[in-house]
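To keep things clear, I will list the structure first and then write my remarks on it.
Letters go in sequence order (proteins before strands), and every chain restarts at 1. Below, each value reflects all heavy atoms present in this structure, side chains not excepted, and no hydrogens, waters or symmetry copies.
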Number of protein chains: 2
Amino acid sequence: MAHNATAATYTIGECARRSGFTMDTLRYYERIGLIDAVERTATGQRRFTDADLEWLGTLKCLRDTGMPVEQMARFADLVRDGDDTIPERIRLLEAHRVAVDDRMADLAAKRDYISGKIAYYRTV
Amino acid sequence: MAHNATAATYTIGECARRSGFTMDTLRYYERIGLIDAVERTATGQRRFTDADLEWLGTLKCLRDTGMPVEQMARFADLVRDGDDTIPERIRLLEAHRVAVDDRMADLAAKRDYISGKIAYYRTV
DNA sequence: GTTTGCGTTGGAGTCCACTCCAAGTCCTAG
DNA sequence: CTAGGACTTGGAGTGGACTCCAACGCAAAC
């Protein structure tokens, strides 16, 4: 058997600190199935693993780029359903990337409008 | 007296179409003071002017770049209070531009993460 | 001159994504 | 061994920004 050097686990508080979600949000995400049932101690406290944290990193990325929770749940389902769903996952992520690109282009244009407004105010 | 060639007015439906807000949102914005009381016909129907539309364009830009309604209301108040408030308006818009820039940088980074994820899935 | 549809109001309802609460248990530092 | 902080639950509450509703009045096309 391999020597398991890094089996770190984290309390929900520590996980919140590391993931950028609040404890409440972590519990909420577990409740609605965005994250699989987290390991528990004998007394019922959650212990998050590095794998959980990595998945949370993906969720954070999707969430912060504006993906609705419902679509993230769909993605989570695909991940749960194994490698057969990889083409669909790619489709989902590509669609999302397009949405993000569109959003960035829109922001850039509107940023310029704001800059123009500022420049105009400076002439008054 | 000058010849007034363009005194176009628009119904709320037309204004919605042109501004990109819904009729309900336009009424809501008027109610909360984001837009000044709109002109009315004798029978009480709203008639938006080109000036209204221009202001709505500014609001759309601010809103779509994530400015909270409350801060837009603050900006609207400044505009109402005359030219003395221009330095403050500049400060407000500059702060907002920084926020937009930050948001774009964050989106760009996270877009790359998503791209990496897609690339990875393609290797599986 | 009537039908079809656009407009009016105040107020209630919706949606999303959390966020908070109370009452209790568990952990750990001293 | 005890004090204080971290964790548990189910369920209720929040905040922001709309969005919808009913019951009605007005408009304009034929």
- Query: Less than 4.5 Å apart, any side-chain heavy atom of A:T9 and any of A:F48?
  - Reply: no
- Spacing of B:L59 atom CG relative to D:dC18 atom C1', expressed in whole Å: 15 Å
Please write out the pairs of protein N or O atoms and N or O atoms of nucleotides 15-17 of chain C separated by less than 3.5 Å, giving the distance to one decimal.
residue: C:dA17; atom: OP1; partner: A:V69; partner atom: N; Å: 3.3

- Give every residue pair that meets the ring pair (Phe, Tyr, Trp, His ring centres under 6.0 Å) criterion with at least one member in residues 104-124 of chain A, sequence neighbours excluded. none
- Query: Among residues 99-111 of chain B, which residues get a heavy atom nearer than 4.0 Å to DNA chain C?
  - Reply: none
- Task: Measure the distance from OH on A:Y10 to P on D:dA6 and round it to the nearest whole Å.
- Result: 19 Å
- Can you name the residues that form a salt bridge (charged side-chain N to carboxylate O under 4.0 Å, His left out) with B:E30, not counting sequence neighbours? B:R40, B:R46
- Listed by chain and number, what are the side-chain contact (heavy atoms from CB on, under 4.5 Å) partners of A:S115, not counting sequence neighbours? A:R111, B:R97
- Note on the structure: A:D81 meets the side-chain contact (heavy atoms from CB on, under 4.5 Å) criterion, sequence neighbours left out, with A:T85
- Item | Integer-rounded Å distance: C:dT19 P and A:M23 CE | 12 Å
- Please step through side-chain contact (heavy atoms from CB on, under 4.5 Å) for the pair A:D50 and A:Y10, ending with a clear verdict. CA-CA 8 Å; A:D50 284 315; A:Y10 313 98; 2.6 Å; yes
- Query: In whole angstroms, how far is the C1' atom of D:dT9 from the CG atom of A:L26?
  - Reply: 16 Å
- Value in whole Å for how far the P atom of C:dG7 lies from CD of B:E39: 16 Å
- Item | Interatomic distance, A:E30 CD vs D:dG10 C1' [rounded to whole Å] | 14 Å
- Please, which pairs that meet ring pair (Phe, Tyr, Trp, His ring centres under 6.0 Å) have at least one residue in residues 11-32 of chain B, sequence neighbours excluded? B:F21-B:Y29
- Between atom CD1 in B:I32 and atom P in C:dG10, what is the gap in whole Å? 15 Å
- Non-neighbouring partners of A:R103 that pass side-chain contact (heavy atoms from CB on, under 4.5 Å), sequence neighbours left out: A:D106, A:L107, B:L107
- Message: At under 4.0 Å between heavy atoms, how does the protein contact nucleotides 20-30 of chain D? Give one character per nucleotide, 5' to 3', with B, S or -.
- Response: B-----SS---
- Query: Taking only residues at least two apart or on different chains, which pairs with a member in residues 112-124 of chain A satisfy salt bridge (charged side-chain N to carboxylate O under 4.0 Å, His left out)?
  - Reply: A:R122-B:E94
- Message: Tell me the bend of the helix from C:dG1-D:dC30 to C:dG30-D:dC1 as the angle between end helix axes, each from five pairs, rounded to the nearest 10 degrees.
- Response: 20°
- Message: OP1 or OP2 of D:dC7 versus the side-chain N and O atoms of A:R46: is any pair under 4.0 Å?
- Response: no
- Message: To the closest 0.5 Å, what do you measure between CG (B:L62) and CE (B:M67)?
- Response: 4.5 Å
- Message: Contact between B:L56 and B:L26 at the side-chain level, heavy atoms closer than 4.5 Å - yes or no?
- Response: yes
Side-chain donor-acceptor contacts of residues 70-78 of chain B below 3.5 Å, not counting sequence neighbours, with atom names and distances?
residue: B:R74; atom: NH2; partner: B:E88; partner atom: OE2; Å: 3.0
residue: B:D77; atom: OD1; partner: B:R80; partner atom: NH2; Å: 3.0

- Would you say B:L59 and B:L34 make side-chain contact, with heavy atoms under 4.5 Å? yes
